[in-house]
Amino acid sequence: MKRRRLLAPVLAVLCPLALVGGIYLGGHPDLLPGAARDTLVADSEGRLYDEALDAIADDYYRPVDRRDLLNQSLDGAVESLSDRFSNYFSPRDYRQFERSTSGQFVGIGVSVRDEKKIAKGLKVLTVYDNSPAQRAGIKKGDLITEVDGRTTRGQSTDEVTAAIRGPVGTAVRLTFGAGERRRTERVERDEVALPVVRSKLVRAGGRSYAHVRLASFTSGAHAEVGGAVRRLLKRGADGVVLDLRDNGGGLLDEAVLISSIFIPEGPIVSTDGRHRDRKVYKATGSAIDTEVPVVVLVNRNSASASEIVTGALQDRKRAKVVGTATYGKGVFQEVKRLSNGGALDITVGEYFLPSGRNLGGGGVKRGAGITPDVQAKDDPKTPRDEGLDRALDVLGG
């Protein structure tokens with residue numbers, strides 16, 4: 001009985017003290033233990049964010065869509081990282097991104113140069129066969145200077161390509177051309193199936209060679225590349241040109257699998273990140289005969305997964321590299337799906353080639369890229385492909 005009587009006054013003293021202490025610590029979360037501090041701060045920041053969005057949506061002088069506010073604020077948060085490789089995808093943009101990594105997308109059928117801020121116009125790198133862009137007369141090397149009457153100067157590549165994309169059957173007005181000549185055409189958007197791999201048997205110096213060009217490291221690309229290489233070798237090819245020019249990259253797993261077509265065993269690439277354990281990716285086996293000579297053909301727009309494959313084959317002495325220095329990207333991203341249907345595509349670590357080198361400029365800065373063993377460059381003003389010709393010379397030599 002005495003213990004019960006004593007407990008009541010003790011609680012009467014402790015409860016006000018706990019309340020005062022809680023209020024104090026709530027205002028000074030740095031004094032809390034780590035787990036409690038993270039929970040309290042995260043909750044207060046979340047409430048503050050919701051409070052601000054509600055205030056704008058409810059009280060701004062004209063109607064505002066709260067979902068648009070959310071998308072723009074997330075976009076701004078990623079923009080504040082000053083990382084050209086990280087992006088926020090709205091729900092609509094993420095659906096488009098998923099289609100593009102599977103080799104299908106809705107648009108006009110071009111690949112473009114990836115730039116953070118566009119100076120003169122959005123440069124077209126590739127125009128795909130039987131695409132709306134080809135039917136409209138857009139050509140490789142053209143600059144797209146206006147989209148629906150709005151200049152592309154000062155915009156990012158992501159902003160302009162998002163404006164060009166849209167539902168099947170809708171149209172976009174594009175102003176484009178080369179040099180000082182410009183024309184404006186109405187281009188109807190359509191489903192575009194990317195020709196991920198194009199391959200052929202070419203003759204040079206009295207011999208036959210396999211020319212296999214990969215447009216993007218999309219899901220399943222390794223099967224198409226492997227099939228094309230083995231098919232042309234059976235037809236009598238004496239060597240292989242793996243053409244990765246203007247290939248901006250894609251899926252890391254595909255880079256490892258495509259490298260494994262030429263490298264029978266051992267390391268391909270390793271990755272490391274602040275919250276990612278170091279991981280070494282090795283060849284998966286089933287490579288072609290290592291006596292078959294290989295050349296990798298690259299240019300300044302060969303980036304990311306293209307650089308992983310090129311660097312692995314160069315480091316492992318499996319191929320000669322012909323072309324110009326590559327893009328110089330030494331980091332990799334992961335896509336994190338969000339509850340609103342959108343996604344964050346953010347940099348989570350760096351990758352390293354078998355020799356241990358990283359091709360970036362430190363962090364997310366652009367680096368020097370891969371230096372080719374043999375310099376070569378195609379002249380777009382001539383009908384010949386000087387880059388491919390030089391690659392075939394190297395194979396023959």
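We use all heavy atoms of the structure for the numbers below, so side chains are in, but hydrogens, waters and symmetry mates are not.
Counting only distance, with no hydrogens or angles, the side chain of Ser111 and the backbone of Thr126 share a donor-acceptor pair below 3.5 Å. Checked by atom type and distance alone, the side chain of Asp142 pairs as donor or acceptor with a backbone atom of Lys139 at under 3.5 Å. Formation of a donor-acceptor pair under 3.5 Å by the Glu224 side chain with backbone atoms of Ala221 is not found in this model. In terms of modelled atom types and a separation under 3.5 Å, the side chain of Arg366 and the main chain of Tyr327 share a donor-acceptor contact. Checked by atom type and distance alone, the side chain of Thr347 never pairs as donor or acceptor with a backbone atom of Gln333 at under 3.5 Å. A donor-acceptor pair is defined here as one N or O able to donate and one able to accept, closer than 3.5 Å; such a pair exists between the side chain of Arg135 and the backbone of Asn130. Between the Asn87 side chain and the Ile346 main chain, no donor and acceptor come within less than 3.5 Å of each other. Counting only distance, with no hydrogens or angles, the side chain of Thr152 and the backbone of Glu146 share no donor-acceptor pair below 3.5 Å. In this structure a side-chain-to-backbone donor-acceptor pair under 3.5 Å is missing from Arg245 to Asp378. The closest donor-acceptor contact from the side chain of Ser306 to the backbone of Asn247 lies under 3.5 Å.
Residues Val280 and Pro267 approach most closely at CG1-CB, 4.2 Å, considering heavy atoms. The minimum heavy-atom distance linking Arg173 with Gly149 is given by the pair NH1-N, 4.0 Å. The two residues Ser199 and Leu232 come nearest to each other via the heavy atoms CB-CD1, 4.0 Å. Of all heavy-atom pairs spanning Ser131 and Gly109, the tightest one is OG-O, 3.5 Å. Smallest separation of non-hydrogen atoms from Ser82 and Val364: O-CG2, 4.0 Å. Closest heavy-atom contact between Gly387 and Ala376: CA-CB, 4.4 Å.
The CG atom of Leu297 lies 7.0 Å from the CG atom of Asp385; values are rounded to the nearest 0.5 Å. Rounded to the nearest 0.5 angstrom, Ile258 CD1 and Phe217 CZ are separated by 4.5 Å. How far OG1 of Thr145 is from CZ of Arg182: 5.0 Å, rounded to the nearest 0.5 Å. Rounding to the nearest 0.5 Å places CG of Asn299 at 5.0 Å from OG1 of Thr324. Note that the CZ atom of Arg67 and the OG atom of Ser90 stand 11.5 Å from one another [nearest 0.5 Å]. Taken to the nearest 0.5 Å, the OG atom of Ser260 stands 12.0 Å off from the CD1 atom of Ile288.
No continuous path of ILVMFWY side-chain contacts below 4.5 Å connects Leu257 to Val229, so the two sit in separate hydrophobic clusters. At a threshold of 4.5 Å between side-chain heavy atoms, the hydrophobic network of Ile, Leu, Val, Met, Phe, Trp and Tyr places Val298 and Val374 in two separate groups. At a threshold of 4.5 Å between side-chain heavy atoms, the hydrophobic network of Ile, Leu, Val, Met, Phe, Trp and Tyr places Val295 and Leu242 in two separate groups. Hydrophobic clustering, with ILVMFWY side chains joined whenever heavy atoms are under 4.5 angstrom apart, groups Val225 together with Leu313. In this structure, Ile56 is a member of the same hydrophobic cluster as Leu74, with clusters built from ILVMFWY side-chain heavy atoms closer than 4.5 Å.
Not counting sequence neighbours, the partners of Asp129 by the side-chain contact (heavy atoms from CB on, under 4.5 Å) test are Gln134. Under the side chain to side chain donor-acceptor pair (under 3.5 Å) criterion, Tyr88 pairs with Asn71, Asn340, not counting sequence neighbours. Among residues two or more places apart in sequence or in another chain, the side-chain contact (heavy atoms from CB on, under 4.5 Å) test is passed with Lys200 by Val202, His211.
With contacts defined as side-chain heavy-atom distances shorter than 4.5 Å, the pair Ile164/Leu122 qualifies. Contact check for Asp373 versus Val322: no side-chain heavy atoms found under the 4.5 Å cut-off. Lys282 has its side chain out of reach of Ile268: every pair of non-hydrogen atoms, C-beta onward, lies at least 4.5 Å apart. Contact annotation: the side chain of Pro354 never approaches that of Val269 to less than 4.5 Å [non-hydrogen atoms, C-beta and beyond]. Two residues are said to be in side-chain contact when any heavy atoms from C-beta on lie closer than 4.5 Å; Tyr351 and Glu307 meet this criterion. In this structure, Leu143 and Phe176 have side chains that are not in contact, with every pair of non-hydrogen atoms separated by 4.5 Å or more. Residues Leu125 and Asn301 have side chains in contact (heavy-atom distance under 4.5 Å, counting atoms from C-beta outward). Looking only at side-chain heavy atoms (C-beta outward), Val292 and Phe262 stay at 4.5 Å or farther from each other.
In this model, a donor atom of one side chain and an acceptor atom of the other lie less than 3.5 Å apart for Ser73 and Tyr49. Counting only N and O atoms by type, the side chains of Arg189 and Thr170 include a donor and acceptor under 3.5 Å apart. Side-chain contact, Ser270 with Arg278: a donor N or O sits under 3.5 Å from an acceptor N or O. Looking at Gln155 and Arg150, their side chains do bring a donor and an acceptor atom within 3.5 Å of each other. Looking only at atom types and distance, the side chain of Thr310 has no donor-acceptor partner in the side chain of Gln314 under 3.5 Å away. No side-chain N or O of Thr326 forms a donor-acceptor pair with one of Ser302 less than 3.5 Å apart.
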Start with the C-alpha gap between Asp246 and Lys140, add the side-chain angles, then the distance that decides, and say whether side-chain contact (heavy atoms from CB on, under 4.5 Å) holds. CA-CA 11 Å; Asp246 299 327; Lys140 176 181 177 180; 4.1 Å; yes
Query - Stepwise side-chain contact (heavy atoms from CB on, under 4.5 Å) test for Leu244 and Val296 - result: CA-CA 7 Å; Leu244 299 179; Val296 185; 3.9 Å; yes
Open item on the list: One pair to check against side-chain contact (heavy atoms from CB on, under 4.5 Å): Val192 and Ile108. What are the steps and the verdict?
Closed with: CA-CA 7 Å; Val192 179; Ile108 63 169; over 6 Å; no
- Message: If you apply the rule side-chain contact (heavy atoms from CB on, under 4.5 Å), what do you find for Leu214 with Val196, and how did you get there?
- Response: CA-CA 6 Å; Leu214 177 64; Val196 176; 3.5 Å; yes
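The 12-atom threshold is exceeded at CZ of Arg337, counting heavy atoms of other residues, nucleotides or ligands nearer than 6.0 Å. Residue Asp277 places its CG atom among 12 or fewer non-hydrogen atoms of other residues, nucleotides or ligands, all under 6.0 Å distant. Residue Arg276 places its CZ atom among more than 12 non-hydrogen atoms of other residues, nucleotides or ligands, all under 6.0 Å distant.
Checked for salt-bridge contact, Arg316 and Glu265 meet the test: a charged N lies under 4.0 Å from a carboxylate O. Ion pairing between a basic and an acidic side chain is recognised when a charged N comes within 4.0 Å of a carboxylate O; Asp148 and Arg186 show no such pairing. With respect to Asp54 and Arg66, a salt bridge is recorded, a charged nitrogen being found less than 4.0 Å from a carboxylate O.
No cation-pi contact links Arg357 to Phe352, judged by a cut-off of 6.0 Å to the six-membered ring centre and 45° from its axis.
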